[in-house]
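As the structure is a computational prediction, the values presented were derived from the model and not from experiment.
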Amino acid sequence: MPELPEVESIKNLLSTGGPDWPPLVGKTIAAAQVLWQRTLATPTPKQFSRQVVGQAIKTIERRGKFLTLVLSRDTLLIHLRMSGDLQMEPKMRPIAPHHRLFLELDNGWRLALNDPRKFGRVWLTDQPNTVLGKLGPEPLDDAFTPEALYQRLQARHRQLKPLLMDQSFLAGLGNIYTDEALHLACLHPLTLSNQLTLEQTERLWASLRAILQEGIRLNGASIDWVYRGGEFQNYFRVYQRTGEACPTCGTPIQRTTVGQRGTHFCPTCQPAPT
DNA sequence: CACGAGACCTGTTCGC
DNA sequence: TGCGAACAGGTCTCGT
């Protein structure tokens, strides 16, 4: 499900609390349970409970699509993958069918990872860099400049869309925001990375940041039954708009497959590379 | 190195 | 109505 803007929205929601639930930061973990073993990447479920209980949640951060809960001693890393969601609920509520792991807090609330497809993963470690270390730059960081992007693009010989979705190239983009950014930048998803001019790179850089910022401002995108509260789905330019008019030129949006992912683009605004 | 296919999973939607 | 196929916001591993 979630890409950078959705994870950022969940982070904000959890750290400040919402209308119906208290903030997570400052609470202490009183109990933990793993309901689907493979959800836990490390350590073993038994170790996990023993190790996590008693630790306080100091801060919540985001790196790429990872949520990082900084605890008293360790770091809890959460990746929601395709269908994961985090929910705060009273600890007396019955365990929902798709809950895979939960933490009980010392205030009567429970943080649950709900994940129908079971792809989500959780790590408890005192060395978060072993998991996060391979990630590429944060697209919204000051350090991520058009020149930095140009250098990275030129160093590779790859199709633009799969490269942008490669988390070691750039952290946080997924299928939606990549399609949206490429459309805004007027670049075809199959363009080869080292064929971009500096000017095209600047346009791509600005588009990536604009689309991600818009996504965050709208609290992410809510599609289907997974993750609620976002509004960005109402502003998609091309994603899931096959056959509809391009917002720029009116040409029907086309859908194709690139790197085994559904890909949406405007054949007029985003001409195929030669 | 670059790329495609298959795996991991369940649920929804589409076409016949 | 029923049923199988296709598809879904992600990532890993393997083979070419």
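In this structure, A:Phe119 counts as stacked on the base of B:dC8 under the 5.5 Å centre distance and 30° plane angle limits.
Here A:Ala155 pairs with nothing under the side chain to side chain contact (heavy atoms under 4.5 Å, CB included) rule; sequence neighbours left out. Shown here are the ring pair (Phe, Tyr, Trp, His ring centres under 6.0 Å) partners of A:Phe232, two or more places apart in sequence or in another chain: A:Tyr177, A:Phe236.
In the hydrophobic clustering, A:Phe66 connects to A:Leu77, A:Trp123, A:Val131, A:Leu132, A:Leu135, either directly or through intervening members, whenever side-chain heavy atoms lie under 4.5 Å apart. Side-chain heavy-atom separations under 4.5 angstrom define the hydrophobic clusters, and A:Leu192 shares its cluster with no other residue. A:Val258 belongs to a hydrophobic cluster whose other members, connected by ILVMFWY side-chain contacts under 4.5 Å either directly or through intermediates, are A:Leu190.
The residue among A:Arg38 and A:Leu192 whose nearest nucleotide of DNA chain B lies closer to the 5′ end is A:Leu192.
Side-chain nitrogen and oxygen atoms of A:Lys118 include none within less than 4.0 Å of the OP1 or OP2 phosphate oxygen of B:dC8. Note on A:His79: every side-chain N or O is 4.0 Å or more away from OP1 and OP2 of C:dG10. Put simply, A:Gln167 has a side-chain N or O that comes within less than 4.0 Å of OP1 or OP2 on C:dT11. Of the side-chain N and O atoms in A:Arg255, one or more sit less than 4.0 angstrom from OP1 or OP2 of C:dA8.
When each of B:dA5, B:dC3, B:dG11 is scored by its nearest atom to the side-chain atoms of A:His98, the top-ranked nucleotide is B:dG11.
Separation of atoms CZ (A:Arg152) and OG (A:Ser193) is listed at 11.5 Å; rounding is to 0.5 Å.
Nucleotides B:dG6 and C:dA6 place their P atoms 13 Å apart, quoted to the nearest Å. Across the P atoms, C:dA8 and B:dA5 are found 15 Å apart, a figure rounded to whole Å.
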Nucleotide pairing, DNA chain C (Watson-Crick or G-U, distances under 3.5 Å), in dot-bracket with [ ] and | = .|||||||.|||||||
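When heavy atoms are screened at a 4.0 angstrom cut-off, A:Arg156 is found touching the sugar-phosphate backbone but no base atom. In this structure, A:Tyr177 reaches neither bases nor backbone, as no heavy-atom distance under 4.0 Å exists between it and the strands shown.
Salt bridge present: A:Arg63 and A:Glu138 bring a charged side-chain N and a carboxylate O closer than 4.0 Å.
Judged by distance alone, with hydrogens and angles left aside, A:Arg117 brings a side-chain donor or acceptor within reach of the base of C:dA8, the pair sitting under 3.5 Å.
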